[in-house]
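Inspection log for the structure reproduced underneath, given as structure tokens.
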2 protein chains.
Amino acid sequence: MSNKNIGIKDVATAAGVSVTTVSHVLNEVAYARISPETRDKVRSAAEQLGYGPNRLAQALRTQRTGMLGLVSEDIATTPHAGRIILGAEEAAKARGYNLMIINTSGSASLESRRDDVEALLERRVDGILYATMYHRIVELPANLGSVPSVLVDSVAAGGNITAVIPDEEGGARTAVQALLAAGHRRIGFLNNTDDVPATRQRLHAFRTTLAEAGLDGGAAPVESEVSEVHGGYEAARRILSRDDRPTALFCYNDRMAMGAYRAAGELGLSIPADLSVVGFDDQELIAANLHPGLTTVALPHYEMGAWATEHLIDAVEGKTDLSLMALHPTILGCPLVTRDSIAAPLQ
Amino acid sequence: MSNKNIGIKDVATAAGVSVTTVSHVLNEVAYARISPETRDKVRSAAEQLGYGPNRLAQALRTQRTGMLGLVSEDIATTPHAGRIILGAEEAAKARGYNLMIINTSGSASLESRRDDVEALLERRVDGILYATMYHRIVELPANLGSVPSVLVDSVAAGGNITAVIPDEEGGARTAVQALLAAGHRRIGFLNNTDDVPATRQRLHAFRTTLAEAGLDGGAAPVESEVSEVHGGYEAARRILSRDDRPTALFCYNDRMAMGAYRAAGELGLSIPADLSVVGFDDQELIAANLHPGLTTVALPHYEMGAWATEHLIDAVEGKTDLSLMALHPTILGCPLVTRDSIAAPLQ
DNA sequence: ATGAAAGCGCTAACAT
DNA sequence: ATGTTAGCGCTTTCAT
């Protein structure tokens with residue numbers, strides 16, 4: 001158990017060598033010529049005394065803290081933030097870094113978010129991850145530019161910062177293709193009403209994927225509501241009341257799909273026999289627990305957190321030039337998670 | 001925007017004073033006698049240069065980092081961890097502290113968890129929060145004792161560390177009382193099968209609360225299954241098939257309640273008209289989105305995180321002696337969150 | 001009312 | 001093969 005009061009000097013004294021030697025053997029400095037016996041003496045003295053390095057002092061001296069700042073919007077408001085944090089934490093740990101986390105509100109002023117970044121800067125983090133709660137275009141505090149930074153799950157208003165985002169179009173295409181592959185031809189889309197990239201891109205992919213399958217994508221039914229359970233319910237009621245009722249529904253997210261389940265139930269439609277449903281997000285609490293289990297498309301939160309961290313560390317260590325990657329956001333795939341809500345249409 | 005290259009020395013030079021003076025005015029040292037004009041000069045020089053303190057250097061000198069370590073089991077596996085982190089982060093920020101977070105697996109070896117704590121210790125955190133994923137009895141790495149520490153959502157196997165946990169009995173009592181208050185007399189309990197404090201304590205409170213209301217608590221129906229949606233479904237099917245079918249169900253958690261909803265639906269029972277249901281956890285994604293909304297008891301995760309942080313900081317600052325609080329865990333209340341799943345029984 | 005200087009624990013150039 | 005020493009940026013004692 002490391003003893004806070006033991007320093008390199010104590011180890012040196014105990015081993016009967018100088019601090020340089022201790023530093024060299026403990027850090028396994030490449031160019032150091034030290035006899036095996038001395039190495040052993042040092043190591044056992046350190047072990048004996050319960051020596052643990054003081055990372056503050058190391059950092060002060062080397063100008064490297066081995067700490068990454070993570071400013072995260074609304075931690076825990078959704079489980080999504082948690083997945084990003086986990087991906088970042090594990091990637092960081094694997095490379096010997098630690099995470100300092102600051103919560104910020106998505107609706108906070110630019111100035112208060114600037115202060116959050118400032119706090120991280122004062123602690124001399126080697127780099128900063130800035131994670132948003134959902135994919136959008138964010139305005140970033142300017143002091144983010146003081147250290148290598150990467151943006152997770154959003155793109156910057158000004159561009160010019162490396163970002164990683166989900167493949168909204170690809171995910172939507174995957175979802176629709178799953179429905180097409182099951183034989184569906186009358187497919188409806190329950191869309192969100194917010195003006196965010198996902199709304200537009202998923203709609204676009206919905207239409208083009210249908211068109212590519214030889215269907216009239218432009219005419220396919222779309223109903224928009226707030227992207228919550230009740231919105232999904234309302235939209236589903238409407239879309240399922242049409243004369244040419246769809247045999248399958250692509251839902252903007254799992255919450256809306258949950259609403260669609262209820263609407264289907266009320267209309268006497270059994271899933272997946274009478275109606276196939278595919279969601280988006282893979283919010284496990286919902287998707288895995290609905291009955292039948294909801295087939296959906298997963299958002300790569302963990303992967304984005306890990307990707308961002310890997311590349312941030314590469315930049316910190318001079319292995320990568322982030323500015324080269326800043327031109328275009330990196331897009332990570334959204335894989336299909338197959339459960340039990342898709343079947344072939346009846347007729 | 002703070003400039004990493006500007007130090008106290010640069011400010012001193014720019015203001016034409018010594019570093020001592022700069023340090024004194026910037027830190028508002030109480031005993032310093034410095035003329036108002038000098039103070040102004042220093043402050044504007046600092047402002048001008050974009051000076052920001054180097055917290056590493058401060059920490060090295062003062063032996064105080066202003067950082068708290070948070071080792072959290074399985075971040076994001078449940079939204080609960082997120083609420084704890086948020087409570088801790090906000091409490092920390094309010095007092096000028098930051099959080100360094102380490103993820104650990106609940107199933108990780110004692111040794112690997114010891115290493116996680118060690119990493120925090122090497123960074124010289126002022127104190128450590130150790131948060132578990134669910135309320136249980138946990139074996140803690142011994143090096144946790146090196147700095148002030150508090151345990152969140154569990155009690156230590158050995159005792160002897162300040163801990164904060166939810167009031168399982170009180171929460172269960174509140175839930176059952178809500179059912180009693182609505183007029184129910186035949187109340188069933190869908191319990192968990194895990195051998196954890198919540199299982200035992202909620203059951204105990206279930207029986208005694210009924211007894212206190214003049215009912216035969218010992219004879220009240222209880223069905224146990226895994227605390228997941230499907231377990232709740234199975235348990236509900238059984239309990240609702242009894243001759244003396246309960247008019248109300250207290251569920252171990254919201255997931256089991258979700259299963260009970262499905263069972264009720266299949267049996268043609270309408271909630272809350274034919275069957276009242278109360279859950280536990282207040283997992284919003286479920287509780288708020290079921291139809292009708294699930295009345296449930298909230299676990300005080302945010303509050304536990306905040307409480308632990310407050311008291312940890314008090315200890316760090318010498319305002320509290322944690323060892324005095326270590327004798328008994330602090331118990332935080334579980335309030336009822338009223339939605340629409342309770343009504344008076346039919347007859 | 002202000003400044004000089006030591007030292008927090010460490011690394012790394014530079015001796016020897 | 002190993003040791004001496006300056007200095008990372010700051011706080012704080014002690015002088016003046």
Side-chain angles (χ1 to χ4, degrees), chain A residues 2-43 45-46 49-67 96 121-126, chain B residues 2-43 45-46 49-67 96 121-126:
Chain A
S2 126
N3 188 330
K4 282 215 289 187
N5 308 312
I6 299 299
I8 204 181
K9 207 182 334 183
D10 303 296
V11 177
T13 308
V17 299
S18 74
V19 293
T20 307
T21 304
V22 174
S23 177
H24 282 175
V25 348
L26 261 24
N27 295 319
E28 299 181 336
V29 172
Y31 59 80
R33 328 262 88 205
I34 292 166
S35 73
E37 304 84 64
T38 306
R39 299 192 111 93
D40 282 354
K41 266 193 304 183
V42 170
R43 278 197 253 267
L49 297 172
Y51 169 79
N54 182 332
R55 299 272 246 137
L56 292 175
Q58 287 184 321
L60 183 62
R61 181 60 234 239
T62 60
Q63 309 285 36
R64 275 292 184 70
T65 54
M67 295 190 335
L121 257 19
E122 290 184 354
R123 296 209 178 269
R124 296 304 187 264
V125 293
D126 292 334
Chain B
S2 125
N3 188 329
K4 281 214 290 186
N5 308 314
I6 300 298
I8 205 181
K9 208 184 332 184
D10 304 296
V11 177
T13 308
V17 299
S18 74
V19 294
T20 308
T21 303
V22 174
S23 176
H24 282 175
V25 348
L26 262 24
N27 294 319
E28 299 179 336
V29 172
Y31 58 81
R33 328 260 90 202
I34 292 167
S35 73
E37 304 83 65
T38 307
R39 300 192 112 92
D40 282 354
K41 267 193 304 184
V42 170
R43 278 196 254 266
L49 298 172
Y51 170 78
N54 182 332
R55 300 272 247 134
L56 292 175
Q58 288 184 319
L60 183 62
R61 180 59 232 239
T62 60
Q63 308 286 37
R64 274 291 182 71
T65 55
M67 296 190 333
L121 258 19
E122 289 184 355
R123 296 210 180 270
R124 296 304 187 262
V125 294
D126 292 335

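What you are looking at is a predicted structure, and each value in this text was computed from that prediction instead of being measured. In the text below, chain A, chain B and the rest are named by the order of the sequence lines, each starting its count at 1.
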Working to the nearest 0.5 Å, report the span between CZ of B:R55 and CE of B:M67. 9.5 Å
Closest-nucleotide 5' rank along DNA chain C - winner of B:S18 and A:P53: B:S18
DNA chain D: B:R55 or A:T38, which has the more 5' nearest nucleotide? A:T38
Are A:Q63 and C:dT11 close enough that a side-chain N or O sits under 4.0 Å from OP1 or OP2? no
Counting heavy atoms from C-beta on, name the nucleotide in C:dC10, D:dT12, C:dT11 closest to the side chain of A:A57. C:dC10
B:L60 side-chain proximity, nearest of C:dT2, D:dG3, C:dC8: C:dC8
To the nearest angstrom, the NZ-P distance between B:K9 and C:dG3 comes to 16 Å
Without decimals, in angstroms, what is the distance between B:L26 CG and D:dT11 P? 8 Å
For A:E28, does its backbone N or O pair with a side-chain atom of A:R39 as donor and acceptor, under 3.5 Å? no
Separation of D:dG9 atom C1' from B:D10 atom CG, nearest Å, is 10 Å
Heavy atoms only, 4.0 Å cut-off, all strands: where does B:S23 land among base, sugar-phosphate and nothing? base
Rounded to the nearest 0.5 Å, what separates atom CG in B:L26 from atom OG1 in B:T21? 11.0 Å
Hey, is the main chain of B:G7 close enough, under 3.5 Å, to the side chain of B:D10 for a donor-acceptor pair? yes
Has B:T62 got a side-chain N or O lying under 4.0 Å from the OP1 or OP2 atom of D:dT12? no
Distance check: side-chain N/O of B:T21 vs OP1/OP2 of C:dT2, anything under 4.0 Å? no
Suppose we call a contact any N or O donor and acceptor under 3.5 Å apart; does that hold for the side chain of A:T20 and the base of D:dT4? yes
Phosphate oxygens OP1/OP2 of C:dT11: is one of them under 4.0 Å from a side-chain N or O of A:N27? yes
With sugar-phosphate meaning primed atoms plus P, OP1 and OP2, does B:V29 contact a base, only sugar-phosphate, or nothing at under 4.0 Å between heavy atoms? nothing
Taking CG from A:L56 and P from C:dC8, how many angstroms apart are they, rounded to a whole number? 14 Å
Taken to the nearest whole Å, CZ/B:R33 to P/C:dT2 is 11 Å
Within this structure, what is the NE2-to-P distance between A:H24 and C:dC14, rounded to whole angstrom? 13 Å
Nucleotide nearest B:V19 (side chain, heavy atoms from C-beta), chosen from C:dC10, C:dG7, C:dA5: C:dA5
Using whole Å, what does the distance between atom P of nucleotide C:dG9 and atom CG of A:L49 come to? 14 Å
Figure out the OH/C1' separation between A:Y31 and C:dC14, and round it to whole Å. 10 Å
I'd like to know if the side chain of B:T62 and the backbone of B:Q58 have a donor-acceptor N/O pair within less than 3.5 Å. yes
